[in-house]
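We use all heavy atoms of the structure for the numbers below, so side chains are in, but hydrogens, waters and symmetry mates are not.
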Amino acid sequence: MASFPIIRSYVVWSLVTVLAFSSFNLKGAEAARAFFVFGDSLVDNGNNNYLVTTARADAPPYGIDYPTHTPTGRFSNGLNIPDFISEALGSEPTLPYLSPELDGEKLLVGANFASAGIGVLIDTGIQFVNIIRMPRQLEYFQQYQQRVSALIGEEETRKLVNGALVLITCGGNDFVNNYFLVPNSARSRQFALPDYVTYVISEYKKILQRLYDLGARRVLVTGTGPLGCVPAELATRGRNGECSEELQSASSLYNPQLVEMITQLNNELGSDVFVAANTHLMHDDFVTNPQAYGFVTSKVACCGQGPFNGVGLCTAASNLCPDRDTLAFWDPFHPSEKANRLIVQQIMTGASNYMKPFNLSTILALDSNKY
């Protein structure tokens, strides 16, 4: 229901920032670097649980391998990409912004603004009705800063936001849940695919610029995964178990242009604010050679029904694999917890073909003297 997309030593850097927040009488205390998350279902930690929408993951078997073994709103059998990044930062997982638990000191950890079903464009995911589209996510980020300012003051809030790590993951839904959602969709009548990609990229640049204007200074930007190779597309669009050519074409057009746009934006800003994560390649590694990563297959979802378990939603009535670590996909669209961990390992330590201009371990090392 939301976009796919996006996917050996594990290096853990723990950074601390001195924050003065007299409201809690913790002046001089050290806290891990704040972390903010924007985007779609690949990174939603449960905001949609608080919304009237079908784009939710708040019922079993979602969360079956989460530490509490209960659904949390993550579109995963367990942890998702932001969880593993929080682990690398030495932080607790970010709470959904709509969670009533996000208050007081917990605000200083950061926040997750992501919402399943959204895209770069505001008309993406209209079938899900009540979701937090990107303009609203950015409004919540402004509201968050006002709330934190009331706790620690404007200057310390500015330092917290400037020193934070930001992750944004969106774009896949603009194809899966917009352009290719139905035959002869409104956007497909308006644009040929190459022109549509150019338009989405131009709108995405405005979002990234707005993030910068709101204080973000280190932003990981993920591309889409191989959109045509998820079990949902193998079941509905692919032929004989092969990836959907039209969605693969969309990915191959979109991802290079995203990197180009990020490079251009950094040049305009005179700083490497935005970092491109080649999640297409990260996913493609285990899609094309699953056995090399310990998976039995990348074609079949653990939870689902129909061909490749790729039809419909993951529910308590669905087929459910006994060992989630053997499959690259948890449900028809989303990677399994194990796949998410592999993706974050590449975000942390991947070479320049995975992370441009540098990986997260390098970022943390570069920033350790700044924040």
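- Aromatic ring orientation, Tyr204 versus Tyr254: parallel (interplanar angle below 30°, classes split at 30° and 60°).
- At least one side-chain heavy atom of His334 sits under 4.5 Å from a side-chain heavy atom of Leu42.
- No more than 12 heavy atoms of other residues, nucleotides or ligands shown are found within 6.0 angstrom of CD1 on Ile122.
- With hydrogens and angles left out, the side-chain atoms of Ser115 and Asn48 include a donor and acceptor closer than 3.5 Å.
- At least one donor-acceptor pair closer than 3.5 Å links the side chain of Asn309 to the backbone N or O of Ala301.
- Remark: Arg147 pairs with Tyr97 by the side chain to side chain donor-acceptor pair (under 3.5 Å) rule, at least two apart or across chains.
- There is no side-chain donor-acceptor pair under 3.5 Å between Arg187 and Ser185.
- Each disulfide bond (SG atoms under 2.5 Å apart) pair with one or both residues in residues 306-368, not counting sequence neighbours, appears once here: Cys302-Cys321, Cys303-Cys314.
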Using side-chain contact (heavy atoms from CB on, under 4.5 Å), reason through Leu214 and Gln142 one step at a time and then give a plain yes or no.
CA-CA 7 Å; Leu214 291 172; Gln142 285 182 280; 3.3 Å; yes
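- A donor-acceptor pair is defined here as one N or O able to donate and one able to accept, closer than 3.5 Å; such a pair exists between the side chain of Arg324 and the backbone of Pro322.
- Aromatic rings of Trp330 and Tyr62 (six-membered ring for Trp) have centroids within the 6.0 Å cut-off, being under it.
- For the atom pair CD (Glu139) and CD (Gln137), the distance works out to 10.5 Å, reported to the nearest 0.5 Å.
- Put simply, the side chain of Thr263 does not reach to within 4.5 Å of the side chain of Pro357, judged on heavy atoms.
- Remark: of the listed residues Ile85, Val37, Thr72, Asp83, Asp83 is the sole one forming a side-chain contact (heavy atoms from CB on, under 4.5 Å) with Pro93.
- Under the salt bridge (Lys or Arg N to Asp or Glu O under 4.0 Å) criterion, Asp285 pairs with no residue at all, not counting sequence neighbours.
- Between the Gln291 side chain and the Val296 main chain, a donor and an acceptor come within less than 3.5 Å of each other.
- Across all non-hydrogen atoms, the minimal contact from Leu138 to Arg210 is CD1-CG, 3.6 Å.
- By the ring pair (Phe, Tyr, Trp, His ring centres under 6.0 Å) test, Phe36 pairs with Phe141, Tyr144, sequence neighbours left out.
- In the model, Asn278 has no side-chain atom that pairs as donor or acceptor with a side-chain atom of Asn255 under 3.5 Å.
- Hydrophobic clustering (side-chain heavy atoms under 4.5 Å, transitive across Ile, Leu, Val, Met, Phe, Trp, Tyr) groups Phe113 together with Val219.
- A distance-only check finds no donor-acceptor pair linking the side chain of Asn80 to the backbone of Asn340 [under 3.5 Å].
- The pair Arg341-Glu87 counts as a salt bridge, with a side-chain nitrogen and a carboxylate oxygen less than 4.0 angstrom apart.
- Side-chain contact between Cys229 and Gln248 is present, with at least one heavy-atom pair separated by less than 4.5 Å.
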Check step by step if side-chain contact (heavy atoms from CB on, under 4.5 Å) holds for Asn359 and Tyr354.
CA-CA 8 Å; Asn359 61 37; Tyr354 291 96; over 6 Å; no
Would Ile132 and Leu51 satisfy side-chain contact (heavy atoms from CB on, under 4.5 Å), going step by step from the backbone distance to the final call?
CA-CA 9 Å; Ile132 312 169; Leu51 304 174; 3.7 Å; yes
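- Side-chain atoms of Glu337 come within 3.5 Å of backbone atoms of Leu79 as a donor-acceptor pair (strictly under, hydrogens ignored).
- In terms of the side chain to side chain donor-acceptor pair (under 3.5 Å) criterion, Glu245 has no residue partners (sequence neighbours excluded).
- Of the possible polar contacts, one joining the Asn45 side chain to the Thr94 backbone as a donor-acceptor pair under 3.5 Å is found.
- Using a 3.5 Å distance cut-off with no hydrogens or angles, the side chains of Thr53 and Asn130 do not pair a donor with an acceptor.
- Without hydrogens or angle criteria, Asp367 side chain to Gly163 main chain gives no donor-acceptor distance under 3.5 Å.
- In terms of heavy-atom proximity, Leu95 sits nearest to Lys106 at CD1-CD, 3.8 Å.
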How far apart are the C-alpha atoms of Leu281 and Gln346, what are their side-chain angles, what is the distance that settles it, and do they pass the side-chain contact (heavy atoms from CB on, under 4.5 Å) test?
CA-CA 10 Å; Leu281 182 58; Gln346 288 290 10; over 6 Å; no
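- No close placement of the Tyr212 and Phe274 rings is indicated, their centers lying 6.0 Å or farther apart.
- Nearest approach of Val200 to Leu121, heavy atoms of both residues: CG2-CD1, 4.0 Å.
- Between Thr169 and the choices Thr222, Asp44, Asp40, the side-chain hydrogen bond (donor to acceptor under 3.5 Å, both in side chains) rule is met once, by Thr222.
- Taking the six-membered ring for Trp, Phe329 and Phe308 have ring centres at least 6.0 Å apart.
- Between Lys159 and Glu156 a salt bridge is recorded (basic side-chain N to carboxylate O distance below 4.0 Å).
- Residues in residues 33-97 take part in no disulfide bond (SG atoms under 2.5 Å apart) pair, two or more places apart or across chains.
- In this structure a side-chain-to-backbone donor-acceptor pair under 3.5 Å is present from Ser298 to Val287.
- Atom-to-atom distance recorded for Ser149:OG and Leu160:CG is 9.5 Å, nearest 0.5 angstrom.
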